[in-house]
Amino acid sequence: MNPIPFLYAAYIVTWVIHGVFILTLITRYRKADRELRDFQKK
Amino acid sequence: MTPTAAAVPQAAEPVPAVVLTGLTKQFGRFAALRNVSAEFAEGKLYVILGENGAGKSTMLRAIAGLLRPTNGKVSVFGAQYGGLDSGRWILGQLGYMAHPSLLYDEMSAMENLIYSARLYGIDDEARCSDAIRLVGLDPALNRPVGQYSQGMRQRTSLARALLHDPRLLLLDEPFSNVDVTSARGMVQLLSRMRDAGKTIFVVTHQARLLAQAADEFVWIHSGNIGSRVTTLDLELVQ
Amino acid sequence: MRAGSVKDGSMSTAPTATTAAMEMRRAPATEKAIAPAPKVLFATLMKDLRLEWRSKDAINSMVFFALLVVVVFSFSFDPTGDDARRIAGGLIWVAFLFAAVVALGQTWAREIRNQVLDAYRVSTAPANDLFLAKALGNFLFVTVLEVVMTPLFVVFYNLRVIGPAYLLPVIAVLGTWALVVNGTFFAAISLRTRSREVMLPLILFPISIPALLGMVEATKIVLTGESSAKFWIVLLAVYDLVFTTVCLTLFETVLDAE
Amino acid sequence: MKTPVLIAIAVVVALLAFGLYQGLVVAPTEQTMGDVQRIFYYHVPSAWTCFILFFINFVASIWYLFTRTSKSDAIAVTTAEVGVVFWSVVIITGPLWARPVWGIWWTWDARLTSTLVLGLIYVSYLILRRFSTGGQTPVLAAALAVFGFADVPFVYLSIWYFRTQHPQPVIGGGGSLHPAMWHALLYNWLAFSAFAALLCWFRYQLERKQRDVEETLALESLLEGSPR
């Protein structure tokens with residue numbers, strides 16, 4: 001069993017996890033921002 | 001443990017029973033109390049009126065030390081909550097009665113009061129039977145409170161609040177669905193207590209019962225005190 | 001004894017003597033307003049035990065539940081001979097944990113049903129006495145379950161203890177307290193969350209893993225007599241000490257989290 | 001986005017790239033395990049960063065319990081969330097390393113198992129925050145954080161002793177490391193710590209924004225005097 005793919009898998013998985021987290025941060029931030037702007041408009 | 005001098009300033013003129021300064025309470029998005037400031041003298045019977053959600057119960061709970069104000073201060077007989085011992089000293093001076101009767105349904109009135117007395121460090125069971133007789137019930141009755149009528153439950157709850165002989169009584173809807181005779185009896189007891197020097201706050205929708213007995217009617221509107229009158233304008237009361 | 005004949009409206013004609021008597025007793029009460037500690041703890045514990053004994057429905061259903069757990073475990077794992085001793089420690093403690101969590105979930109049930117927590121908070125009684133009374137009540141309750149379950153385990157797995165058997169009760173007491181003290185505290189926390197029943201095990205299990213490991217390993221070592229369980233027993237004792245202290249320091253903050 | 005933030009992002013990306021370069025190229029290949037050992041340069045720094053974040057959460061929770069400032073609570077929730085993200089990296093890269101080297105996905109290695117248990121505590125902390133009702137969330141969460149942190153020594157001690165009873169292969173070998181390996185490890189740790197700080201900063205802004213929304217709604221109901 002060739003171990004090298006596991007090395008790349010580990011590095012890639014690390015950035016997939018961080019990427020997903022950053023995406024959730026952005027979507028949650030946009031949602032809160034929109035909610036705030038709606039209130040200021042009202 | 002007698003209160004330390006610092007906790008209770010012995011002012012020359014009589015210390016007001018309750019002083020609220022800038023009292024605000026926020027429940028998430030809903031502002032239950034908005035910057036309430038007021039003073040209530042000792043030895044008076046106050047009736048707290050207002051529609052649902054105006055903040056009556058919240059104010060009473062704040063005075064009873066049951067909730068931490070978002071900001072502002074509550075001081076009772078000169079002492080304040082939050083101090084190391086002053087909070088506990090205040091609790092010794094006040095009796096609280098709420099809509100849920102704060103009683104164990106599986107226990108009889110006497111058992112409930114004996115347990116409650118223990119919480120205040122009182123072992124003397126004679127006091128418990130006195131308190132029960134005072135509210136017109138029979139101490140020997142060993143039916144569990146769960147089987148009492150609403151009138152009897154409220155009267156037992158009142159007895160529980162009176163047990164450690166507090167100087168300040170905080171009653172939240174004491175008469176709600178209580179038979180008229182029990183209610184009238186409770187009103188007479190409260191006015192006798194007030195004459196004996198106790199300060200009493202009653203949050204109620206049946207203010208008519210206390211039209212004669214009460215010293216002051218405090219109207220609460222959306223989280224603040226609307227007006228304080230000494231005679232009740234009967235049309236205003238539903 | 002007179003039937004519960006309540007003289008209606010008697011309050012208004014209550015003989016002034018009683019009210020006067022009530023009034024005269026004003027003086028002594030104010031001095032003793034602050035409750036000396038053990039009395040409150042004892043009173044609360046006795047009250048709980050009396051109510052438990054009076055209704056007995058909680059204890060009966062829990063004992064039956066514990067029996068079911070043992071029987072189900074005995075079907076799903078059917079080791080014989082030496083195997084039994086190796087994994088019995090784990091099985092017994094997981095079964096105890098299962099029964100304990102269900103019992104711990106009921107800790108505050110009576111207080112919530114009667115909405116009496118406010119009565120306690122408004123009194124001068126210290127919060128830690130309420131906590132210790134509840135924790136001790138739970139400890140007794142769970143111990144009863146364990147006493148019921150253990151002989152069944154011995155029978156179903158025909159266990160014979162090779163190591164020092166007198167250590168087993170020590171492990172049981174330390175282990176049960178480790179679960180109960182944190183369980184009572186987390187039951188108070190999960191009161192204020194949406195799904196109460198699922199929240200308790202969810203926050204109790206991760207934190208109890210070291211204690212669980214200690215109980216299981218110590219029991220296995222004593223059953224198989226392989227080596228000395230001293231390390232695990234010391235670990236459990238220190239765990240109990242640390243977490244009882246943490247509970248006592250933080251309980252009031254959680255009780256008053258309004 | 002303000003320029004200092006962009007500069008910070010650039011610096012962090014540079015550090016991470018440098019760390020990657022160190023880990024994959026500069027560090028020598030390990031004799032016994034071969035190149036797969038380079039997972040070490042991501043696995044271990046992520047674990048160290050995760051522990052630091054959990055420690056900050058503990059300090060912030062204690063600070064909240066004393067001062068009840070919403071700033072300390074925001075820091076607590078920020079570090080817990082980012083900590084759990086780094087924790088998940090450690091828990092996934094662990095088996096990815098064990099499988100090729102020892103043929104089993106989970107080796108019950110003392111350090112990895114302890115990290116697993118520790119992470120579970122903080123996952124339950126985040127779940128408690130999500131389930132508890134408005135006003136009391138910070139107090140309950142802060143209390144649980146204190147319990148969680150008090151449990152750390154017990155977790156490590158019990159699992160370490162548990163492992164000495166049944167020896168198993170140890171991830172990361174430990175023992176003497178070639179100096180270049182040490183450099184790669186420390187560079188990566190520096191890069192990941194900077195990255196974690198950046199993530200925390202963003203998550204903190206999100207938390208402040210969400211609290212602004214809460215406040216405006218509360219203020220609005222204050223002015224409107226909306227009876228229930």
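Remember, it's a predicted structure, so these values are computed and weren't measured experimentally. Protein chains get the first letters and strands the later ones, always in sequence-line order, with residue 1 at the start of each.
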Non-hydrogen side-chain atoms of A:Ile26 and D:Phe202 separated by less than 4.5 Å: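 They are not in side-chain contact.
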Is the shortest heavy-atom distance from the side chain of A:Trp15 to the side chain of D:Leu16 under 4.5 Å? yes
Indicate the atoms forming the closest heavy-atom contact of A:Tyr11 with D:Arg38, along with that distance.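 Closest approach of A:Tyr11 to D:Arg38, heavy atoms only: OH-O, 2.8 Å.
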Which pair of non-hydrogen atoms, one from A:Leu7 and one from D:Ile39, has the smallest distance, and what is that distance? CD1-N, 3.6 Å
Non-hydrogen contacts under 4.5 angstrom with chain A: give the residues of residues 186-199 of chain D involved, or none if there are none. D:Phe192, D:Phe195, D:Leu199
Applying side chain to side chain donor-acceptor pair (under 3.5 Å), which residue pairs with at least one partner in residues 77-95 of chain D are found, sequence neighbours left out?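 Passing the test, one end in residues 77-95 of chain D: A:Arg28-D:Glu81, D:His43-D:Thr93, D:Glu81-D:Arg203.
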Heavy-atom contact with chain A under 4.5 Å, split by part of D:Gln205: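 Both parts, backbone and side chain.
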With a 4.5 angstrom heavy-atom cut-off, which part of A:Phe21 approaches chain D: side chain, backbone, both or neither?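 A:Phe21 touches chain D through side-chain heavy atoms alone.
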To the closest 0.5 Å, what do you measure between CG (A:Leu25) and CD (D:Glu207)?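 So the gap between those two atoms works out to 11.0 Å.
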Rounded to the nearest 0.5 Å, what's the gap from CG on D:Leu206 to OH on A:Tyr29? Could you check? 8.0 Å
Pick from A:Ile4, A:Asp33, A:Val13: which one has the most heavy-atom pairs with chain D under 4.5 Å?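 The residue among A:Ile4, A:Asp33, A:Val13 with the greatest pair count is A:Asp33.
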Using a 6.0 Å cut-off, check whether atom NZ of D:Lys71 has over 12 heavy atoms from anything other than its own residue.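 No, the 6.0 Å shell around NZ holds no more than 12 heavy atoms from other groups.
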